[in-house]
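This report concerns only the one structure given below.
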There are 2 protein chains.
Amino acid sequence: MNAFNNIEKKDLDKLFKCLHAINLNIKKGGTIISNLSNTDTICIIIDGSASVIRIDYNGNKSLIDTLHKDDIFESKMFNLNNSELSIIANEETNVIIIEYGKFINRCKKNCPYHNQFIDNTLSIILNKLNDNYERIQILTKKTTREKLREYFTIISNKRGSKRFRIPLSYSDLANYLSVDRSAMMREIKYLKEDNLIEVENRIITIKY
Amino acid sequence: MNAFNNIEKKDLDKLFKCLHAINLNIKKGGTIISNLSNTDTICIIIDGSASVIRIDYNGNKSLIDTLHKDDIFESKMFNLNNSELSIIANEETNVIIIEYGKFINRCKKNCPYHNQFIDNTLSIILNKLNDNYERIQILTKKTTREKLREYFTIISNKRGSKRFRIPLSYSDLANYLSVDRSAMMREIKYLKEDNLIEVENRIITIKY
DNA sequence: AACATTTTGTTGCAAATGCAACAACAAATA
DNA sequence: TATTTGTTGTTGCATTTGCAACAAAATGTT
């Protein structure tokens with residue numbers, strides 16, 4: 001799913017004009033958006049990836065989210081009172097920037113492609129919300145074992161198979177689950193010993 | 001903020017007709033929506049409150065979210081593959097049910113109130129997304145102490161004061177932070193002893 | 001007012017977890 | 001190809017945490 005799904009090529013140009021969309025190419029490490037408090041903008045990742053970073057009043061940085069191809073960022077999503085937000089490109093990244101007002105206020109003509117665009121955007125945002133609920137579902141589990149099992153069943157259900165490849169490195173998975181990596185590796189070992197899963201590299205098989 | 005903000009009373013009836021909106025009054029314990037897999041619906045809580053409950057393949061129930069007045073529920077938010085979802089009224093609750101298709105496909109007339117309604121809805125959803133990011137920000141902290149401090153600073157920033165009343169009982173707070181209640185009480189005691197906070201019932205003062 | 005129910009405060013103890021530290025690989029880069 | 005950088009696997013140990021269990025307050029209900 002992407003924000004321009006089901007919009008014909010010939011209409012895209014019209015849409016971009018209507019939205020006053022700005023194309024940006026940002027090199028690795030470059031800042032896509034900073035200091036969001038003032039501007040209400042939508043940012044669509046065309047390709048590449050970026051990190052959403054929060055800088056609190058003490059100057060501590062924390063990674064809030066990672067944006068990938070087709071992802072949408074909107075300032076209201078991260079309304080982190082009293083702290084600054086930056087979006088930094090993790091690699092060469094192309095984005096489209098749109099002012100929120102231009103996005104939401106359709107012109108009088110009621111162009112079908114603008115409606116389609118809003119429809120797509122809403123879908124992507126609802127999907128993001130779903131991802132968050134999934135993560136909360138995992139993070140609220142008390143033990144590392146429960147977190148792993150919840151994560152594995154979610155992936156397994158998505159793929160429709162008890163055998164699947166996890167889409168993260170084990171280091172990244174530990175971060176996602178918010179547990180110590182070494183403790184997580186230990187727990188995976190125990191899950192294997194208890195014959196609940198099988199592991200070959202990043203391919204997991206659930207045995208129950 | 002509520003989904004019908006800035007829509008005039010006289011337009012509301014037209015909007016409801018246009019949306020084919022259904023009003024429901026559900027008594028305490030009653031089911032608002034169940035078995036969501038098939039229907040793509042939007043549910044707006046007019047007053048009362050409700051619990052979003054997930055029932056997994058083993059029949060285990062877990063509370064996913066609590067809906068309050070003005071909250072919006074959309075099935076795509078909880079696209080929990082392979083498990084059922086129910087929304088149960090926690091008290092007498094009035095809701096409005098709208099089919100997603102009717103919501104997103106504006107009629108040819110491009111009625112301003114329909115646009116306003118979509119605008120409002122998107123705002124509420126973005127706000128929900130923000131709430132989720134806040135909770136994830138808290139849940140990814142490793143220790144109970146860090147979770148508490150993160151929670152306190154978020155509330156403090158929202159209220160614009162170092163002294164504030166927490167909007168939850170301590171039992172509910174423990175649930176929200178996903179920590180053991182007794183362990184949390186112990187940690188609050190330590191925070192007091194270390195002179196980092198002051199506590200009078202549910203009023204907290206941050207001392208740094 | 002009497003009763004039941006929920007919330008709060010506290011503690012000992014066992015279990016789970018983070019941390020530090022290191023070695024073996026694998027992958028990316030010069 | 002050599003070298004640097006990142007990932008995986010493992011362990012001992014101190015700390016944190018969940019759990020169980022109980023009493024005291026507070027709150028809600030008849």
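Keep in mind that what you see is a predicted model, and the values were worked out from it rather than measured. Quick note on labels: first sequence line is chain A, next is B, and so on, each numbered from 1.
At dT17(D), one or more side-chain N or O atoms of Thr144(B) fall inside 4.0 Å of OP1 or OP2 (strictly under the cut-off).
Across the protein-nucleic acid pair, Met184(B) atom CE and dT17(D) atom P stand 13 Å apart, rounded to whole Å. Rounding to whole angstrom units, CZ of residue Arg186(A) and P of dG12(D) are separated by 10 Å. Between Leu191(A) atom CG and dA16(C) atom C1' there is a gap of 14 Å when expressed in whole angstrom units. Whole-Å rounding puts the Glu187(A) CD to dT10(D) P distance at 14 Å. Rounded to an integer number of Å, the gap from CE of Met185(A) to P of dT17(C) is 16 Å. In this structure, CD of Glu193(A) is placed 14 Å from P of dG9(D), rounded to the nearest angstrom. As rounded to whole Å, 15 Å separates atom P of dG18(D) from atom CZ of Arg145(B).
Considering only residues two or more places apart in sequence or on other chains, Leu139(A) meets the side-chain contact (heavy atoms from CB on, under 4.5 Å) condition with Arg135(A), Ser178(A), Ile136(B), Leu139(B), Thr140(B). Among residues two or more places apart in sequence or in another chain, the salt bridge (charged side-chain N to carboxylate O under 4.0 Å, His left out) test is passed with Glu200(B) by Arg163(B).
Closest of all the heavy-atom pairs between Ser156(B) and Ile206(B) is CB-CD1, 3.7 Å.
There is a side-chain donor-acceptor pair under 3.5 Å between Lys207(A) and Asn195(A). A donor-acceptor contact closer than 3.5 angstrom links the side chains of Asn25(A) and Asn94(A). With 3.5 Å as the limit, one finds a donor-acceptor pair spanning the side chains of Ser49(A) and Glu91(A).
In terms of position on DNA chain C, the residue among Lys147(A) and Arg181(A) whose nearest nucleotide sits closer to the 5' end is Lys147(A). Positionally, the nearest nucleotide of DNA chain D for Arg202(A) lies more toward the 5' end than for the other of Arg202(A) and Ala183(A). Between Asn201(B) and Lys142(A), the residue anchored closer to the 5' end of DNA chain C is Asn201(B), taking for each the nucleotide with the nearest heavy atom.
Of the residues in residues 165-180 of chain B, those lying under 4.0 Å from DNA chain C by heavy-atom distance are Ser169(B), Tyr170(B), Ser171(B).
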